[in-house]
Amino acid sequence: MYYIGIDLGTSAVKLLLMDGGGKIVNIVSREYPLYFPHPGWSEQKPEDWYEQSVLGIRELLRDVDKSQVAGISFGGQMHGLVILDEDDNIIRPAILWNDGRTTEETEYLNTVIGREKLSEYTANIAFAGFTAPKILWVKNKEPENFARISKIMLPKDYIAYKLTGVHCTDVSDASGMLLFDVKKRRWSQEMCDICGISISMLPQWYESYEAVGTILPRVAEELGIRASVKVAAGAGDNAAAAVGTGTVGDNMCNISLGTSGTIFISSKHFGVDRYNALHSFAHADGSYHLMGCMLSAASCNKWWMDDILGTKDYAGEQQAIGKLGENHVYFLPYLMGERSPHNNPNARAVFLGMSMDTTRADMTQAVLEGVAFALRDSLEVARSLGISLTRTKICGGGAKSPLWKKIIANVLNLKVDVLESEEGPSMGGAMLAAVACGEYASVEEIAAKVVKVVETVEPDAELAAKYEERYREFKEIYPACKPLF
């Protein structure tokens, strides 16, 4: 049988077709526009997501036996606000995860409602990208739209709704809304009251590997697949990527170097750090995870290469980099503000330490190292909770760089396992669909059978020691610059 994983990203939807043994049969990607109507705003049209997903599924299945498709599931960009009226029409464009308009609402939640209360209700505090502050923004700034809200959804869940007619979400994605009681796995009535909404406006939540329904007959006909095809709830992109990389069960780690960057630690046990610097979310495997999220990761390198250096030769630029661990140039990778661990939407990127002999390669190296140092910031928070890690998986576009993987292994002093497939969320979505259809008994079982490590990048003791010293200096830069932001 075949299983489709749909990764609804920020710039494109990636669709993956996997057979029952975990072999990737086909991959398709389709782009859609991103809108910036005001400085700091970031929006998309949910209609574009669905249109490109449908076209993508058709292309994905063009050369296979469509009758063998058994299930569909998702990984998706998190936190985005999709609001529907009583007729399930879209009220306004979706406000995305990287939108920065909710500074006032975030401040209100963290200071007036209070971080302790938020952590009690949801296990997390408010971040500008989360969904609850967006709801408050619509309530405060677009009251006519707020009055029309009948259903509140997340990006990938809108696709699930269009395929099945079911208003649904999953526990991992719901965890990032600041409306879900992560520890008790239920919607928080207190948070709904604070946002002025009712629980009935929220979708039914499911575990990520549970089927929410089957394909609507008219959609099945349009796609050329059976109406019995199951649709599983899926997961937020990072939890789906964790499934795709086998980061399930207890005390496993995955680093994702995509547009944003994450360090994801799975756990059988619920936990929250003292300052809520890491997100404490439900995991797609039925347990929990801690996650540090930086808003700009591989996008820092893309910005530096495309917009500043004006080149697409990423590998060529990295070849000019000389000795590691001895660079005197530092880079704060806060091009869009920062989430973990600083929670400061006003933070900005900084180059520091240039001199007359600083080279283009030094600055390119500083960008790669700055992202690694920022990931280390979140790792240190996890270590403060007594979490001891010796290795991590890695995925995302940035993981294609051998040099960047070497830098990360030594900055974090972890063994970095490179996987046969680095497809992340789309692979995780297909794997969740296979579990929902009964091909595998659990997420852990399919991960053990499907995910294969093909290389391990080991830290070098001497280089790791050099980076330890550099990291101590890096840690001093943000506090020194913070008053300027």
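Quick caveat: nothing in here was measured; it's all calculated off a predicted structure.
Contact of the Ile199 side chain with the Gln189 side chain is registered, since non-hydrogen atoms from C-beta on lie closer than 4.5 Å. You'll find the side chain of Met294 reaches within 4.5 Å of the side chain of Val371, heavy atoms only. At a threshold of 4.5 Å between non-hydrogen side-chain atoms, the residues Ile125 and Phe127 count as touching. With a 4.5 Å cut-off on side-chain heavy atoms, Tyr35 and Pro93 do not count as touching. Annotation: side chain of Phe36 is in contact with side chain of Leu34 (closest heavy-atom distance under 4.5 Å). Side-chain contact between Thr106 and Pro133 is present, with at least one heavy-atom pair separated by less than 4.5 Å. For the pair Glu458/Thr456, a side-chain contact is recorded, criterion being any heavy-atom separation below 4.5 Å from C-beta on. A 4.5 Å side-chain heavy-atom check between Ser267 and Asn251 finds every atom pair outside the cut-off.
Side-chain contact annotation: Asp88 with His167, donor-acceptor N/O pair under 3.5 Å present. Side-chain contact, Ser208 with Asp170: a donor N or O sits under 3.5 Å from an acceptor N or O. Side-chain contact of Gln318 with Ser401: a donor-acceptor pair under 3.5 Å is present, judged by distance alone. Judged by distance alone, the side chains of Tyr3 and Glu439 do bring a donor and an acceptor atom under 3.5 Å apart. Using a 3.5 Å distance cut-off with no hydrogens or angles, the side chains of Tyr471 and Asp377 do pair a donor with an acceptor.
Taking each heavy atom of Ala372 and Ile408 in turn, the nearest pair found is CB-CG1, 4.0 Å. The nearest pair of heavy atoms linking Thr131 to Leu81 is CG2-CD1, 3.9 Å. Between Glu222 and Val54, the shortest heavy-atom distance links the atoms OE2-CG1, 3.7 Å. In plain terms, the two heavy atoms of Trp41 and Asp99 that are nearest each other are CA-OD2, 3.1 Å.
A donor-acceptor pair under 3.5 Å is formed between the side chain of Thr245 and the backbone N or O of Ala242. A donor-acceptor pair under 3.5 Å is formed between the side chain of Ser280 and the backbone N or O of Gly271. One N or O on the side chain of Tyr440 and one on the backbone of Gly20 form a donor-acceptor pair closer than 3.5 Å. Put simply, the side chain of Asn410 never gets that close to the backbone of Asn413: no donor and acceptor are under 3.5 Å apart. Put simply, the side chain of Glu31 never gets that close to the backbone of Ser11: no donor and acceptor are under 3.5 Å apart. Using modelled atom types, no side-chain atom of Trp49 and backbone atom of Val13 make a donor-acceptor pair closer than 3.5 Å. For Asn110 (side chain) and Ala126 (main-chain N/O), a donor-acceptor pair under 3.5 Å exists by modelled atom type.
Taking a 6.0 Å sphere around NZ of Lys406, one finds it holds 12 or fewer heavy atoms contributed by other residues, nucleotides or ligands. The local environment of CG in Asp63 is sparse, with at most 12 non-hydrogen atoms from other residues, nucleotides or ligands closer than 6.0 Å. Other residues, nucleotides and ligands contribute at most 12 non-hydrogen atoms within 6.0 Å of the NZ atom of Lys183. When the shell of 6.0 Å around NZ of Lys452 is examined, it contains more than 12 heavy atoms from other residues, nucleotides or ligands.
By the 6.0 Å and 45° rule, Arg185 stacks over the aromatic ring of Tyr288.
By the 4.0 Å N-to-carboxylate-O rule, Lys449 lies close enough to Glu445 to be salt-bridged with it. Ion pairing of Lys312 with Asp306 is present here, as a side-chain N (NZ or NE/NH1/NH2) and a carboxylate O approach within less than 4.0 Å. Classification of Lys268 and Glu444 as a salt-bridged pair holds, one side-chain N sitting under 4.0 Å from a carboxylate O. Asp417 and Lys393 are not joined by a salt bridge, as no carboxylate oxygen comes within less than 4.0 angstrom of a charged side-chain nitrogen. Using a 4.0 Å cut-off between a side-chain N of Lys or Arg and a carboxylate O of Asp or Glu, Glu51 and Arg30 do not qualify as a salt bridge. Using a 4.0 Å cut-off between a side-chain N of Lys or Arg and a carboxylate O of Asp or Glu, Lys134 and Glu105 do not qualify as a salt bridge. Contact check on Glu190 versus Lys117 returns no salt bridge, with no Lys/Arg side-chain nitrogen under 4.0 Å from an Asp/Glu carboxylate oxygen. With salt bridges taken as basic N to acidic carboxylate O contacts below 4.0 Å, one links Lys156 and Asp173. Checked for salt-bridge contact, Arg383 and Glu380 meet the test: a charged N lies under 4.0 Å from a carboxylate O. Under 4.0 Å is where a charged nitrogen must lie from a carboxylate oxygen, and between Arg101 and Glu43 at least one such pair does.
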Verify side chain to side chain contact (heavy atoms under 4.5 Å, CB included) between Asn124 and Leu178, making sure each step is shown before the conclusion. CA-CA 7 Å; Asn124 295 279; Leu178 203 69; 4.1 Å; yes

Pair Lys405, Val418 - check side chain to side chain contact (heavy atoms under 4.5 Å, CB included), show working. CA-CA 9 Å; Lys405 285 183 285 199; Val418 181; 3.8 Å; yes

Candidate pair Leu16 and Asn26, rule side chain to side chain contact (heavy atoms under 4.5 Å, CB included), full reasoning: CA-CA 6 Å; Leu16 179 147; Asn26 197 11; over 6 Å; no

Applying side chain to side chain contact (heavy atoms under 4.5 Å, CB included), run through Met427 and Val450 and close with a yes or a no. CA-CA 10 Å; Met427 185 68 178; Val450 167; 3.4 Å; yes

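Looking at Phe180, Phe130, Trp97 one by one, the single match for ring pair (Phe, Tyr, Trp, His ring centres under 6.0 Å) with His79 turns out to be Phe130. Ile72 pairs in a side chain to side chain contact (heavy atoms under 4.5 Å, CB included) with only one of the listed residues (Ile4, Ile159, Leu15), which is Ile4.
Ring-plane geometry between His279 and Phe281 is classed as parallel, the angle between the planes falling under 30 degrees on a 0 to 90 degree scale with a further cut at 60.
The line from CH2 of Trp404 to CD1 of Ile394 is 9.0 Å long, rounded to the nearest 0.5 Å.
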